[in-house]
Amino acid sequence: MSDEAVNEETEQNNETEVYETSSRGQTVLHTGRNNLLNKIQQLYSDGFTVCIDVTAVDYLENPKRDLPEEIKPERFELVVSLLSHQKRERIRLRIQVPENDLTVPTLFDIYPGTEALEREVHDLFGIDFDGHPDMTRILMPENWEGHPLRKDYDVGKIPVQFKEAPGS
Amino acid sequence: MAKLPLLGDSKNIGEDGLAGMDHNFLTGKIEDLVKWSRARSMWPATFGLACCALEMMATGSAHYDLGRWGMEVFRASPRQADLMIVAGRVSQKMAPILRQVYDQMMEPKWVISMGVCASSGGMFNNYALVQGVDQIVPVDVYAPGCPPGPETLMHAILQLHQKVETGEIARRRNELNGGAGIIVEQRDGQTATKVVIGR
Amino acid sequence: MLFALDPLFLGDAGTLEILLIVILKVVVAFGVLLVTVMLYIWWMRKFISDMQNRIGPSRAGPFGILQTLADGIKLFFKEDLIPNKSDKFVFKLAPFFSIVPALLVFTVVPVAGDFSSGGDGTVTWFGNKTFVQLADPHIGILFVLAMSSIAVYGIMLAGWSSGSKYPLLGSVRASAQMVSYEAALGLALVAVLMKTGTLSTHSIALNQSGGITDWGLVVTGFVPFFVFFIATTAELNTPPFDLVEAEQELVGGFHTEYSSIRFALFFMAEFMNVITMSGVMVTLFFGGPSGYYPPLGPAWFWGLLWFIGKVFIFASVFVWMRGTLPRPRYDQLMDFGWKMLIPLALGWVMLLATLDVFKDRGYDSGLSQLLILIISVVTLTFFAGLLMKSIAIGKHKREIEGEEVFG
Amino acid sequence: MSILNFFKGFAVTLGKLNHASESGEVVTTNYPEEKRNKPKRLHGRHVLNRYEDGMEKCIGCELCASVCPANCIYVRGADNNPDDPTSPGERFGFIYEINYLRCIHCDLCVEACPTQAITETKLFEFSFTDRKQAIYTKDELVVDDSGRPRHLPWEDWRPGEDEFTSEWMRATSPSGSASYQGKIQWAGELGYGVRPSEATQNIGPEETQGEQ
Amino acid sequence: MADQLMTDDQDEQQNESAERVFRRGDDSAILRLAESEVEAYTPDDDRRMVINMGPQHPSTHGVLRLSLEMEGESVLRSKPIIGYLHTGMEKTGEQLSYLQGPTNVTRMDYSSPLFSELAFSLATETLLEIEIPERATWIRMLMCELNRISSHLLFQATNGMDMGAVGAMIYGWREREEVLRLFEIITGLRMNHNYIRPGGVAADLPHGWRDDVLKVIDKLPDRLDEFDTLLTGQPIWHERLQGVGVINTAECLALGITGPLLRSTGYAWDLRKDMPYLQYDQLEFDVLVGTYGDCFDRFAIRLNEIRESIRIVRQILEKMPQGDYKIQDKKVTPPPRARIDESMEALIHHFKIFTEGFKVPSGEVYASVESPRGELGCYIVSDGGPKPYRMHIRGPSFTNLQVLPHMLQNCLVADAVAVISTVDPIMGEVDR
């Protein structure tokens, strides 16, 4: 929380704002972490009753990306896909998560179905969901070190065996 | 054990079972019979992991029919199974369990590594998979393909049958010391791929 | 009652001769049973592959007929294991509890003999008249019941002594299932015993030698047979009632931890039981070895042929069921046993008894019998209705309670 | 009638015993004795082709190696000896290895090869008892002097099976363009000559084109 | 249709219901224990025990592991433990170019590989902002519907196997094999086809494909009737599946469940119909829904979806247009082989595409298709290079698995098998 307090001043302007952009014709919303639950609650009442997907992206090697000017790019980005059955619309939220404070409020209370999805993000990216009932690893063994889908995590390739290749 | 008349040198019988016995008129025939029966009644354990599991089950179904070799008896309990078909990719999380199931199987037991993912990791050359199941259990026959068609699996099984009947398997395992001979680079915080297990 | 005893002991044969014949019978019966089991397992696998558009075993021996032999040899030479957590003595004992009763039941089944109309079911070997069955005790059919009950112990102890969870669940299921269906089995038997008036299997078979109308199936009015058949299926743990070893639920059920020769014994016992119980069923309801005997060759041979034929049909029906039916759930199986089979068998026995009693009292004209039948059926239907109602009420109550508990 | 439904199932399974009927037909292929006919496009084990004059087609360009998602191909090119060239061009595939314990038979290599050097046979019946067997070297992959794939001891070849070795290459050669379907622009293979294009759909009214 | 079903009134009811079942702290259904704790956990009540189903259990469809806390034979709480098949496909996907991408995603949902390829290709095409040719679209639909048939047949087989109906199992495999042979003719492989690629499909349908397809789909209806007689009408089957593993619409929506599970609750949501992709709006078919949301409904829906798919395939056979089967954009599609020799430029393109792959403008998209298990989505972030910067697959089985503890509560072990079986998870897609 202390980190957040430091950032608060810089982020104050854009934390509560919601910016709507379009990516290849798909609606994308950008908002801050503090405003996330509010916005999602609002979207839920607007009919986006199903949370299709929660995932994250590590933008370590790709800092330049399409973002509204007001949003400050951070290393991680949480991506939430919502679906409205009535309107037959999809909407996507992108939330910037800074590297030094990897916590996001959980969506579990609004969409119980995000439980496994958030655990997966936690497992593979190391982002913590504040208030999640079971924040443990889901795919990797429990004693695994590191978060595989981060860009600074090695793929772990070993050389393929050949008969005449050098070193085999 | 002392050298028994008629039965030849039998000092290795404690370690190796019948295979450790010198050939003589009695064990020669018995061994043939045992090999014959083992090749004709090799019950596979249900060890399906991924894509290959579907092909393994398809091989057991009507179009291919493993039952022709008395192998339609897929045993769910590893205690009663003779053959483990590692059908699919083995993740780091699954590896200890694979070994456990193998240990639960009773001798004599055989392993077919079905598909490239089990044999070497296949196209998934990454952190998550064990790059070759032969680092965990001794593999007798490798079936290539992703997934191997039922014919490939049947070819592998037939090859195994043949080896069992000629006794080549036991010899080969001794030569290779069971392991795969792959050296995997150590990566931080991961231990599962390191061990090359012997016989 | 003496009639039930083997005439061998009544004749003037010497002790040695008797002994030899008995030993011969024992050895032959044992051997034949083992070979039959071997062939039956092969036949089962072939038949089921036929129903599944497959070929089935075809490598071991011609048409794969030695498949079971190969399985047996392989299992025999496999490493044996006694789990650390198990109760070692019981663990070793259990398979024998399973196989020995399976073998013993066969001793009281009349296999062959002159069961043509008017025949006495005997055969003359080496100048001595004897029965083609190992023993014919007075209590013959009760022996079958007793043995099949003991077989439960094998399964129960096996699961319990393994010291692991799935086998334990399997053995719990086994004991409950067997106890429940034992009752239905017994009640179905009572109907036959009432009609024949004897417990000796030989006499029961002999009573039915007059033709199809004399068969237990017809005499007892079909229903006891169906009850007996279903109860037998449950007793034998053959599909669809193989909940004890339900592979999809309990991995291997009671024999999960067994390997090698001990597993082979269970495996063998299971199929041996199918054959012997088919034999018992044939004896009770289908006239045993009786049938049309052409005047050619020894009569006992035709009896044997008829017997084998009938047993074969039953054994195949079991396979047929295996290939067709899904497996019911455990509680449904118990419901079916207690709420359907037992009341049905009980009611039917009462009906038969009523008819018999009035017959004895002299009301044996067609009209009076019909009247009695109608009255009894109406009464029984009334009680059946009551039973159904009470079951429904009970179910309802349970549901309410369930909601309170789990709410 | 639920009781009746109970017995209907028995009729179905019993009906299967009539092997003459369509539903009861025994569909099993008795594999080691007989082998089912493989469709032409099947992706099997690879071969390295040669031109009709016996020259090797591979030029060692490493396209196949770079496109392989499993990295199971290892190629090194070398300059031809001008007096005794291995391939008609300047370079040839000096080392060519495929690790069949990695190959996923996606056939991207076949699509990538600019000289149609690497194609796939219909053979999928092979298995190894040794990891080393699974790494095929150039000697094992390249077709023999009659243009047929080499038969290795652990492969199960049947007479006539080595006929179709380049069907997927021919199927993908128009690369999606209808106007290029049926156009042949590849060199002949040793033992086969110039193979015709795969029978196509798109030229003229559909299905009027016969086989070839 | 969906919006008619969802009146405001029902909305409210559903919210309440969702609240009731999944409120925070209500762990009556879920065994909230970490994986390592499960091993050591012994319940206080000695009538209870914790039993481990899987990861190597005959009826957990691969490597799903379920920890069940049981009292006697009834399940009190449970927890699905996954990850035993984690393959790192999303990481590998970042190493492979868009051209190689389908070989990776096709191995996720191995019983319906073409759908993963389709989702990946659709996402890539949206990023590229290209329209694929008409014929390619129709070929894709044809293949996907055939794949749906084979996948549902596989369900019939495994479901039959789990319920102990050996016959149904073998018949399911047999019918599936017929469809696989069709795939083999068209794509050259039985599974994991790498056939649908960004820009179209890999190869045209081979000569005589129409007869081959007709042969299979003419044969199938009779065989499906066999399933009906063997299973649908079978009283034991009814007893086993009816009223087991019940779930309602609100719970499904709360958990984000899609596909036959959602439809079994009577809620007609099918992306093919409601948010059409490819050319599904030109086809006539029905969305099948259940009434009770129990295992039997799910079984029946899948069985009858095969029939619907056959209906769709017949329409596709009629409407299949002529033309290109891959987009003729030289940046995306390698040049025809005949052009390589003609033009140097084509040769360069050929080399470029196969060595480096094609570059995709930077951006991020989500594309989804209706797979046999529900909504299969693909989220791709591109940084303008030839490889996806991030490739994420939203597997329907992964989300659907969350329903297990709720369905399993107060079930018997045998019901647990039925429930897992009818949820029909494919672990490859769950763990990725």
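Lettering of chains follows the sequences in order, A, B, ..., and the numbering in each one begins at 1. All figures in this text were calculated on a predicted structure; none of them were measured in a lab.
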For C:Y258, what residues pass the ring-ring contact (aromatic ring centres under 6.0 Å, His included) criterion, not counting sequence neighbours?
->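 Expected list: C:F91, C:F266.
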Set of residues satisfying ring-ring contact (aromatic ring centres under 6.0 Å, His included) with respect to C:F267, sequence neighbours excluded |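 By the ring-ring contact (aromatic ring centres under 6.0 Å, His included) rule, C:F267 matches B:W43, C:F263, C:F271.
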Specify the closest pair of heavy atoms between [X] and [Y], including all atoms of both residues, with the distance to one decimal.
{"X": "C:Y330", "Y": "C:V172", "answer": "OH-O, 4.3 Å"}
{"X": "B:G88", "Y": "B:C52", "answer": "N-CB, 3.6 Å"}
{"X": "B:R79", "Y": "C:E257", "answer": "NE-OE1, 2.8 Å"}

Of the listed residues (C:S49, C:G56, C:S259), which shares the most heavy-atom pairs with chain B below a 4.5 Å separation?
->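 Top option by heavy-atom pairs under 4.5 Å: C:G56.
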Residue selection (most heavy-atom pairs with chain B, distance under 4.5 Å) from C:T68, C:I55, C:D71 |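 That would be C:D71.
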Modelled atom types, side-chain donor and acceptor of B:S77 and C:T256, under 3.5 Å =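 Distance-only check fails for B:S77 and C:T256.
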B:M105: partners by side-chain contact (heavy atoms from CB on, under 4.5 Å), with sequence neighbours left out =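 Scan of B:M105 (side-chain contact (heavy atoms from CB on, under 4.5 Å), adjacent residues dropped) gives B:P78, B:M84, B:K109.
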Decide yes or no for C:P101 and C:F97: does some side-chain heavy atom of the first lie under 4.5 Å from some side-chain heavy atom of the second?
->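 Side-chain contact under 4.5 Å: no.
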Could you tell me which portion of B:W69 (side chain, backbone, both or neither) has an atom closer than 4.5 angstrom to a non-hydrogen atom of chain C?
->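 Both backbone and side chain.
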Is it the backbone or the side chain of B:A39 that comes under 4.5 Å from a heavy atom of chain C, or both, or neither?
->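 It is neither, since no heavy atom gets under 4.5 Å.
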Proximity of residues 59-68 of chain B to chain C, residues having a non-hydrogen atom under 4.5 angstrom |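 Interface residues of residues 59-68 of chain B: B:G60, B:S61, B:A62, B:D65, B:G67, B:R68.
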Residues B:D82, C:K78: salt bridge by 4.0 Å N-O rule |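 C:K78 and B:D82: salt-bridged.
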Which bit of C:L66 comes within less than 4.5 Å of chain B, counting heavy atoms only: side chain, backbone, both or neither?
->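 Both backbone and side chain.
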What option among B:E72, B:Q104, B:R38 has the most heavy-atom pairs under 4.5 Å with chain C?
->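 Option with the greatest count: B:E72.
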